[in-house]
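Just so it is clear, the values below take in all heavy atoms, side chains as well, and ignore hydrogens, waters and symmetry mates. Protein chains get the first letters and strands the later ones, always in sequence-line order, with residue 1 at the start of each.
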Number of protein chains: 2
Amino acid sequence: MSSIRELARRCGVSVATVSRVFNTPEVVSQLTRQHVLAMAAEIGYLPNESARTLATKKSNMVGLVWDTDHRRPGWRHPFLQDILVALKSALSAQGLHLLMLAPDQSAGLDSRQRFLRAVQRHSVDGVVIIDNGSRDPAVLALGDAAVPCVALDLRITGPTCTSITSDNVGGARLATQHLIERGHHRIATITGPARNWPAAERLAGFRSALDEAGIALDEADVVAGDFYLDSGFAAMNRLLARDPRPTAVFAAGDEMAIGALRALHAAGLRAPDDVALVGFDDIEIAALIPPGLTTITQDKTGIGTAAAEAIMSMLSGDAPTPGPTTLPTTLVVRGTT
Amino acid sequence: MSSIRELARRCGVSVATVSRVFNTPEVVSQLTRQHVLAMAAEIGYLPNESARTLATKKSNMVGLVWDTDHRRPGWRHPFLQDILVALKSALSAQGLHLLMLAPDQSAGLDSRQRFLRAVQRHSVDGVVIIDNGSRDPAVLALGDAAVPCVALDLRITGPTCTSITSDNVGGARLATQHLIERGHHRIATITGPARNWPAAERLAGFRSALDEAGIALDEADVVAGDFYLDSGFAAMNRLLARDPRPTAVFAAGDEMAIGALRALHAAGLRAPDDVALVGFDDIEIAALIPPGLTTITQDKTGIGTAAAEAIMSMLSGDAPTPGPTTLPTTLVVRGTT
DNA sequence: GCCCTTTATGTAACCGGTTTCAGCACGCTA
DNA sequence: TAGCGTGCTGAAACCGGTTACATAAAGGGC
């Protein structure tokens, strides 16, 4: 592996000059520059990033904190992949690498410290945190890292932190208003876990839309799920058991909505005739499952891109956006309403 | 940021001793060790990974080569997310980080060199390559990197390289045999891009199963798709236009199968009564779309895990598995057959 | 009491870059 | 001709670790 000194020796120049050829080419004479570049190509010299990072304290790496080590083996973020693709593309375009950090393995370590330590050891220039929906507070400690930090779907505080999320309140309002416009006035909801930020916001949006329309909400019509299909199935069964049963349901996630749809079918009922149904997320299946799930769509790619932009803006010295950045959500009307 | 020298000074020991406390604790006396650890905790010392990498030439990072910069904006690997989760989990468990590399930005660079250079600059301990289905040969150059290297769904050669893939031949045979057992003897196929390795293998498996059953294949019953939904739709229309039309179709990917299903419906036909249909991949939708797509399921998590294991085994000095490692595929019978 | 291990530690070179500072050569001005 | 800015380059310190080698003290066998 050829080093900068080796290259300098072969060119008969100092290492400083070689370094300048690659970092501030304009200060070195045309002649030497060409000579150095030619020789570099010949011997296959490439600067060593670890050494650069050590010297400059800039790594061109953005850390990704994303805890896959989860009790649910099949745990899936509904559209992590879209976010990741967008995030990586945007970062790559600026020459930034994305380092998916393994939590620090040291024994006897407070779990909330594991990621923080990994972040600090690697001199990453910034951090993106993707929430699991996990209640593990590990990631929250990252607000303490003195590094630009953007969290997705997770509220986080700290002087160098900001958050990005879809407009969950607005989306839930859209969904609820849509049901109201369809003439429903007995609307139930299946929620996500109470401690999950998007879940809480969606519930809030639901409530506010009902309020605004002067529709009273029976608290027994609010039933908790966990964003997974089975919980939607169970929740819908609970709702169907009520007498009279609600005529419309807002499920705070599409997977739960699909579970609810199944419960409906199992009970010999149909959407939208017997019960109208709106979901949230617009996962791929929503469009494909009959009769087509009416839902709220999020700008999946936009979230990843916004995360990259937030990081890069902080990298260039800007202060973090104080509040959470919210991306617009829109209603997609399909067959269930 | 506290350095090792700072910590050594405060403890009244040499930097070598501090280093040993963290790397070979057994050689340093109980007393000093505790003292150093206590002081480290007090001043928040964490070893700098760049410096370690520089000195040891081991980074504990595995590079991920995955080109998101694609002409198809909505390009999706059918189950990249599952692979990624499994891969990252397995690597994380061993304290290995996953570096998603940005291609080298240098101007005037041969595109196939961009990733190779990124790999080399970062002293990653190994590389995982995820194929895009892209025909861009950029990634193939990675066989040249003198680094353990495992490619997913991509044939790659080199002294430190190995590949992992599902048993595409076997899966295609299963699918085809299943159709034959159902009594079909006029079976068509919708293939993936010819230059795509899994696509080629699936076609080979299809042919071999027909051969074995003594069923002749009309080459006009082999129609090419590109793994995307629209191509499946178009291909099925072509097949339906034939007279007599085939009674069964093996689509080499589920998305194409779903496109084919749509074409059937559009023509007023139904699966399996008019045309039986088998897909490949078992993407999430396959189970949910009515009447349920019969398909070949891949061990998505297994692929990620196997990739991690292959890398780690090479890291511990083992030679790479010479041929591709194939993971078993199985038939899932649903409504379309 | 001497020699030989063993154990614990320190010294200093090294990994491969960047960057400050100084110096040289050149051309220009006064 | 002295003085000065400008363009280019080099020497050396520095970033924060690891590790080969040397050394000193303690323990054991004779």
Side-chain angles (χ1 to χ4, degrees), chain A residues 1-37 39-40 43-61 95 104 106 117-125, chain B residues 1-37 39-40 43-61 95 104 106 117-125:
Chain A
M1 190 55 60
S2 51
S3 74
I4 196 174
R5 288 174 225 270
E6 164 77 359
L7 178 54
R9 195 183 55 69
R10 295 227 198 187
C11 295
V13 300
S14 74
V15 295
T17 298
V18 174
S19 178
R20 285 188 277 251
V21 165
F22 290 98
N23 296 298
T24 49
E26 64 278 7
V27 308
V28 28
S29 79
Q30 175 92 353
L31 197 66
T32 22
R33 193 193 321 159
Q34 289 176 345
H35 184 197
V36 169
L37 287 175
M39 182 62 75
I43 68 175
Y45 168 78
L46 286 175
N48 177 311
E49 285 297 328
S50 303
R52 301 192 85 228
T53 299
L54 182 56
T56 61
K57 298 174 181 324
K58 265 205 85 227
S59 63
N60 291 319
M61 293 190 302
D104 191 305
S106 321
R117 293 179 63 143
V119 164
Q120 290 175 328
R121 293 170 67 125
H122 281 84
S123 3
V124 293
D125 300 336
Chain B
M1 191 53 60
S2 51
S3 74
I4 196 174
R5 289 174 224 269
E6 164 78 359
L7 178 54
R9 194 183 56 69
R10 295 226 198 187
C11 294
V13 300
S14 74
V15 294
T17 298
V18 174
S19 177
R20 286 188 277 252
V21 165
F22 291 98
N23 296 298
T24 49
E26 63 278 8
V27 309
V28 27
S29 80
Q30 174 93 355
L31 197 66
T32 22
R33 192 192 323 158
Q34 290 175 346
H35 184 194
V36 170
L37 287 175
M39 183 62 77
I43 68 174
Y45 167 77
L46 287 175
N48 177 310
E49 285 298 328
S50 303
R52 300 191 85 228
T53 299
L54 183 57
T56 60
K57 301 176 180 320
K58 264 202 87 230
S59 63
N60 291 319
M61 293 190 301
D104 191 306
S106 319
R117 294 179 63 144
V119 165
Q120 290 175 328
R121 294 170 66 126
H122 281 85
S123 6
V124 293
D125 300 337

| Can you list the residues that meet the side chain to side chain donor-acceptor pair (under 3.5 Å) rule with A/Glu6, with sequence neighbours excluded? |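 Side chain to side chain donor-acceptor pair (under 3.5 Å) list for A/Glu6, sorted by chain: A/Arg9, A/Arg10.
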For [X], which contact category applies under a 4.0 Å heavy-atom criterion: base, sugar-phosphate, or nothing?
X: B/Ser19; answer: base
X: B/Phe22; answer: nothing
X: A/Val13; answer: sugar-phosphate

Please tell me which of the listed nucleotides, [options], lies nearest to the side chain of [X]?
X: A/Lys57; options: C/dG17, D/dA12, D/dC15; answer: D/dC15
X: A/Ala16; options: D/dG17, C/dT9, D/dA12; answer: D/dA12
X: B/Ser29; options: C/dA8, D/dT19, C/dG16; answer: C/dA8

For a quick test of reading the model: is some side-chain N or O of [X] closer than 4.0 Å to OP1 or OP2 of [N]?
X: A/Ser14; N: D/dA11; value: no
X: A/Asn48; N: C/dC15; value: no
X: A/Thr17; N: D/dG10; value: yes
X: A/Thr32; N: D/dT9; value: yes

| query | Given side chains that start at C-beta, do those of B/Val21 and B/Thr32 come closer than 4.5 Å, heavy atoms only? | reply | no
Using whole Å, what does the distance between atom [atom2] of nucleotide [N] and atom [atom1] of [X] come to?
X: A/Ile4; N: C/dC15; atom1: CD1; atom2: P; result: 14 Å
X: A/Gln34; N: D/dC8; atom1: CD; atom2: P; result: 13 Å
X: B/Arg9; N: D/dG16; atom1: CZ; atom2: P; result: 14 Å
X: B/Lys58; N: C/dC14; atom1: NZ; atom2: P; result: 24 Å
X: B/Leu54; N: C/dC15; atom1: CG; atom2: P; result: 9 Å
X: B/Arg20; N: D/dT18; atom1: CZ; atom2: C1'; result: 10 Å
X: B/Arg33; N: C/dT9; atom1: CZ; atom2: P; result: 10 Å
X: A/Arg5; N: C/dA13; atom1: CZ; atom2: C1'; result: 12 Å

| At their closest point, which heavy atom of B/Tyr45 faces which heavy atom of B/Ser3, and how far apart are they? | CE1-C, 3.7 Å
| message | For the backbone of B/Ala118 and the side chain of B/Asp104, can you confirm whether one donor and one acceptor N or O come within less than 3.5 Å of each other? | response |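 Checked: no pair found.
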| query | Looking only at N and O atoms, is any donor in the side chain of B/Arg52 or the base of D/dG16 less than 3.5 Å from an acceptor on the other one? | reply |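 Counting by modelled atom types and ignoring angles, no donor-acceptor contact under 3.5 Å is found here.
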| field | Donor-acceptor pair between A/Arg52 and A/Asn23 side chains, under 3.5 angstrom | value | yes
| query | B/Glu26 or B/Ala55: which one's nearest nucleotide on DNA chain C is closer to the 5' end? | reply |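 Upstream on the strand: B/Glu26.
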